[in-house]
Amino acid sequence: MNVPLLPSGTEFTVLNINQNLDNIRGRIDKIYEDMIKSEGFATAQKVNLSFFGY
């Protein structure tokens with residue numbers, strides 16, 4: 001008997017969350033790379049502030 005490991009609909013939710021996390025990671029990488037190119041350095045605080053729009 002096959003018993004699903006996840007309740008119905010959960011796989012979609014997990015995939016959606018993973019896609020959102022990948023998008024966030026990509027945005028953070030882009031912010032970091034842009035700072036390195038324009039200013040020559042980047043700090044975690046500067047990346048964080050830029051990510052959240054400050």
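We count residues from 1, following the sequence as given.
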Could you go through residues 42-54 and list every donor-acceptor pair under 3.5 Å that involves a side-chain atom there, pairing it with any protein atom two or more places apart or in another chain?
from  : atom 1 : to    : atom 2 : distance (Å)
Thr43 : OG1    : Lys46 : N      : 3.0
Lys46 : NZ     : Glu39 : OE1    : 2.0

**Message:** According to salt bridge (charged side-chain N to carboxylate O under 4.0 Å, His left out), who are the partners of Asp34, at least two apart in sequence or on a separate chain?
**Reply:**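 Lys30.
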The remaining residues in the hydrophobic cluster of Leu15, counting side-chain heavy-atom contacts under 4.5 Å among Ile, Leu, Val, Met, Phe, Trp and Tyr, are none
Sorted by chain and residue number, the side-chain contact (heavy atoms from CB on, under 4.5 Å) partners of Asn20 (sequence neighbours excluded) come out as Asn16, Asn23
Rounded to the nearest 0.5 Å, the NZ atom of Lys37 sits from the OH atom of Tyr32 at a distance of 12.0 Å
Rounded to the nearest 0.5 angstrom, the CD1-CG distance for Ile24 and Asp29 is 12.0 Å
Residues 14-25 vs salt bridge (Lys or Arg N to Asp or Glu O under 4.0 Å), sequence neighbours excluded, gives Asp22-Arg25
